[in-house]
Amino acid sequence: MSPRADPELALQRIRRLASDIVTGDELAGRLRSDRPLRIKFGIDPTFTEVHLGHAVPIRLLRLFQELGHFPVLILGDATARLGDPTGRNEQRPALSKEEVERNAATYLDQIGRILDLDPARCEMRRNSEWFGRMDFFDALKLAARTTVARLLERDDFQKRMQAAAPLHLHELLYPLMQGWDSVMVQADVELGGNDQLFNLHMGRLLQEREGMQPQVCVTTPLLLGTDGRKMSKTYGNHVPLTAPPQDMYGKVMSLSDALMPDWFRLATNLDEAEAAAVLAGHPRDAKARLAAAVTAALHGPAAAAAASAEFDRRFQQHALPSDIPEVRIAPGDYLLPNLLKEAGLAPSTSAARRLIEQGGVRLDEQVCTDAKTVVRLHDGAPARLLQAGKRRFARVAPR
RNA sequence: GGGGAGAUACCGAAGCGGCCAAACGGGACAGACUGUAAAUCUGUUGGCUCAUGCCUUCAGAGGUUCGAAUCCUCUUCUCCCCA
C-alpha cells in the first residue's frame with residue numbers, strides 16, 4: 001500500500017474531479033485520519049461497453065487508490081437484475097444471471113485498465129452476497145428505515161409521478177438497496193456520477209440508522225461526448241475504453257474545441273496549471289496533446305506516440321495510412337462499384353456508385369468519378385489501391 | 001368493459017386512388033473550406049448484371065380497382081379518454 005498523501009493536497013486533487021462533495025468538511029476530516037479510507041463504487045453490470053464518460057468516477061477511484069486509500073468495488077449483480085430506474089429506458093428487461101455474469105467479466109477487464117484490481121489494493125464484492133440471503137421480512141425491515149416521502153424527493157420519481165408515468169414499487173426500493181451496500185461494506189466514501197447523488201445520500205441515511213459514521217458522497221461531473229451531446233453509444237460520440245489506440249486518438253481529435261477544458265480535467269491526469277498552459281496554445285496542438293494523453297492513459301505512451309504520428313501522416317500530410325487491409329477477391333473484370341462492394345468499402349453497389357459520382361473514390365490515388373470504370377483483376381494482376389471517403393482504404397488483389 | 005387516435009424509409013414526420021422509391025427536418029455519408037474538428041456551403045441517402053430499365057418497400061394477411069402508402073375486411077401492436 002502506497003503511503004498516504006498530504007491531506008490538503010489530496011483534497012485539492014479530489015475536488016478537481018468532483019462535482020458535489022457531501023460534505024467537504026467531513027471528507028477533509030477523514031483524509032486526515034491515520035487509516036486508509038474505504039472508497040465504495042458500485043457498478044451494475046447491465047451493459048458491456050465502458051466508455052470515457054463512465055470512466056470518470058473510476059478515474060477518481062484510481063486517484064483515491066494512488067492516494068493510499070482502498071477501493072471497494074461493488075458488482076451490483078443483485079441490483080442489475082432489478083435495474084436502476086434512473087435510466088431513461090425504465091422498462092429495462094430483467095437480466096438473467098448468465099447475462100449479468102458475462103457483463104461483469106467484461107466490466108472488470110475494462111475497469112482494470114484504469115484501476116489496479118490487485119486484491120491487496122482493492123476489494124471486490126457482489127451485492128448478491130447480502131441480498132441473496134435476505135428474506136421478505138428482512139427486506140421489509142430495510143424498507144421501514146425510510147419513508148415514502150423521503151424516497152419521492154428524488155427528482156426523476158417526482159417527474160414521473162407528475163407525468164402520471166408508471167413508477168413501480170421495486171424502483172422505489174432501488175436507492176435503499178444501493179444504500180444498504182454502503183452499510184454492508186462500511187464505506188467511508190461513495191463515488192458516483194452526479195445523477196447518483198440521491199442514491200449516495202441514501203447510504204448516508206442508512207449508515208446513520210445503523211449507528212455508523214455516515215459516508216461522504218462524492219459525485220463526478222458528466223463528461224460530454226465528442227459532439228457536445230451526452231456521451232452515448234447511440235450517438236456514436238463516445239470513446240470506448242477498449243478502442244484501439246489509433247481509433248481512440250482519432251475520436252478525441254474530432255472533439256469540439258469548446259469541450260477541451262472539460263476533457264483535460266475529466267479524462268487526463270494533467271494538472272490544472274499544465275492543462276491551462278496547453279489550452280493557451282494553438283487549439284490544434286492542445287487537442288493533439290489531449291488525444292495523446294487520453295490514449296497514453298489507456299494504451300501507454302508508446303502506443304499514443306505511434307497513434308499520433310499515424311494521425312498526422314494521414315490527416316495533415318494526407319499520406320496513405322501505414323496499415324491498409326488487403327482484400328483478396330476472385331479474379332475477373334470488375335465494374336468499379338462492384339469492386340468497392342467486394343472490397344467491403346461500400347454497403348451496396350448503388351451506394352458505391354453514388355460515392356464515385358460524388359468524387360469520394362480514389363483508384364490508385366487518383367480520383368475516379370466514372371462509375372463505369374472497369375478494373376481488370378486477372379490472375380497475377382497487381383493489387384489495386386482503393387480509397388472510399390477520407391478514411392476507408394483497401395488493397396484488392398486477385399485471389 | 002365502452003369510446004377515440006394511430007402504426008410510413010435509420011429516427012421524427014407529411015402524403016389520404018395515378019404526377020410516390022414516397023415532401024420536410026434530424027442523423028449518416030461524400031465534396032468544398034479548415035487547425036483534425038466545429039460552424040458554414042453543396043450533394044447523396046431502398047436494391048439490382050447501371051438501365052430515360054427492372055425488382056422490393058409505407059405494421060401483417062386478404063379484397064376492391066386498369067391502377068393502392070392512400071378505399072374495404074380481418075389480425076397484431078401502440079397511445080389517449082371514460083368505466
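Every chain is numbered from 1 and lettered A, B, ... according to where its sequence line falls, protein lines coming before strand lines.
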(message) Suppose you measure atom C1' in G26(B) against the same atom in U73(B); what distance do you get, rounded to whole Å?
(response) 37 Å
(request) For residues L279(A) and M260(A), report the shortest heavy-atom separation together with the two atoms involved. (result) CD2-CB, 3.8 Å
(message) Need to verify one output field. Residue with the more 5' nearest nucleotide on RNA chain B, K390(A) or M260(A)?
(response) K390(A)
(request) Write down the distance separating the P atoms in A9(B) and G1(B), rounded off to the nearest Å. (result) 31 Å
(request) Calculate the interatomic distance between L355(A) atom CG and A28(B) atom C1'; express it in whole Å. (result) 13 Å
(message) According to salt bridge (Lys or Arg N to Asp or Glu O under 4.0 Å), does anything in residues 355-373 of chain A pair up with another residue at least two apart or in another chain? List the pairs.
(response) D364(A)-R384(A)
(request) Specify the residues of residues 364-375 of chain A, ordered by number, for which at least one heavy atom lies under 4.0 angstrom from an atom of RNA chain B. (result) K372(A)
(message) Distance check needed: G31(B) C1' versus I356(A) CD1, whole Å only.
(response) 15 Å
(request) For C58(B) and C16(B), measure between their C1' atoms and round to the nearest Å. (result) 12 Å
(message) Give the residues of residues 337-350 of chain A touching RNA chain B, defined as any heavy atom closer than 4.0 Å, sorted by residue number.
(response) N338(A), K341(A), S348(A), T349(A), S350(A)
(message) Please report the distance, rounded to the nearest Å, between CD in Q387(A) and P in A30(B).
(response) 10 Å
(message) Please report the distance separating the C1' of A28(B) from the corresponding atom of C11(B), rounded so that it comes out in whole Å.
(response) 11 Å
(request) Determine which nucleotide pairs with A68(B), using a 3.5 Å limit on both distances of a Watson-Crick or G-U wobble pair. (result) none
(request) Please give the nucleotide sitting opposite C77(B) as a Watson-Crick or G-U wobble pair, both distances under 3.5 Å, or none. (result) G6(B)
(message) For a quick test of reading the model: is some side-chain N or O of R354(A) closer than 4.0 Å to OP1 or OP2 of G47(B)?
(response) yes
(request) Verify the distance criterion only: is there a donor paired with an acceptor across the side chains of Q196(A) and Q178(A) at less than 3.5 Å? (result) yes
(request) Respond yes when some side-chain nitrogen or oxygen of R392(A) is under 4.0 Å from OP1 or OP2 of A30(B), and no when none is. (result) yes
(message) Applying the Watson-Crick and G-U wobble criteria at under 3.5 Å, what pairs with A22(B)? Answer none if nothing qualifies.
(response) none
(request) Provide, to the nearest angstrom, the distance between the CG atom belonging to L259(A) and the C1' atom belonging to A39(B). (result) 14 Å
(message) Could you work out, with ring pair (Phe, Tyr, Trp, His ring centres under 6.0 Å) as the rule, every residue matching H201(A), not counting sequence neighbours?
(response) none
(request) Kindly point out which of G35(B), A37(B), G47(B) is positioned nearest to the side chain of S254(A)? (result) A37(B)
(message) Need the pair for U56(B). Rule: Watson-Crick or G-U wobble, both distances under 3.5 Å, any strand; none if unpaired.
(response) none
(message) How many whole angstroms separate atom NZ of K287(A) from atom C1' of A37(B)?
(response) 4 Å
(message) What's the gap between G43(B) and C54(B) when it is taken at their C1' atoms, as a whole Å value?
(response) 26 Å
(request) Quickly work out the E357(A) CD to U44(B) C1' distance and round it to whole Å. (result) 10 Å
(message) I'd like the C1' distance from C33(B) over to C41(B), given in whole Å.
(response) 9 Å
(request) Could you tell me whether D20(A) and R15(A) make a salt bridge, using a distance below 4.0 angstrom between a side-chain N and a carboxylate O? (result) no
(request) Classify the side chain of D285(A) versus the base of G35(B) as yes if they form a donor-acceptor pair under 3.5 Å and no if they do not. (result) no
(request) Might you confirm whether atom CZ of R376(A) has over 12 heavy atoms from other residues, nucleotides or ligands at distances under 6.0 Å? (result) no
(request) Return yes if the base of G43(B) and the side-chain atoms of Q358(A) contain a donor-acceptor N/O pair under 3.5 Å, otherwise no. (result) yes
(request) Determine whether the side chains of K40(A) and S182(A) contain a donor N or O and an acceptor N or O closer than 3.5 Å. (result) yes
(request) Both distances under 3.5 Å, Watson-Crick or G-U wobble: report the partner of G35(B), or none. (result) none
(request) Verify whether one side chain among D333(A) and H378(A) offers a donor that lies under 3.5 Å from an acceptor in the other. (result) yes
(message) Between A68(B) and G18(B), how far apart are the two P atoms, rounded to whole Å?
(response) 11 Å
(request) Determine the interatomic distance between C1' on A22(B) and the same-named atom on A14(B); round to the nearest Å. (result) 10 Å
(request) Kindly write out the residues that satisfy salt bridge (charged side-chain N to carboxylate O under 4.0 Å, His left out) with E342(A), not counting sequence neighbours, or none if the list is empty. (result) none
(message) Tell me every residue that passes ring pair (Phe, Tyr, Trp, His ring centres under 6.0 Å) with F311(A), counting only those two or more places apart in sequence or in another chain.
(response) Y249(A), F315(A)
(request) Specify the separation, in whole Å, of atom CZ of F393(A) and atom P of A30(B). (result) 11 Å
(message) Only pairs with both distances under 3.5 Å count, Watson-Crick or wobble alike; so what is the partner of A28(B) in this structure?
(response) U44(B)
(request) Whole angstrom is fine here: how far is it from CZ in R391(A) over to C1' in A37(B)? (result) 10 Å
(message) Between E190(A) and F41(A), is there a side-chain heavy-atom distance shorter than 4.5 Å?
(response) no
(message) My understanding is that a pair needs two contacts under 3.5 Å, Watson-Crick or G-U wobble. By that rule, which nucleotide pairs with G1(B)?
(response) C82(B)
(request) Could you please spell out the steps behind the side-chain hydrogen bond (donor to acceptor under 3.5 Å, both in side chains) verdict for N127(A) and W180(A)? (result) CA-CA 9 Å; N127(A) 63 9; W180(A) 191 245; over 6 Å; no
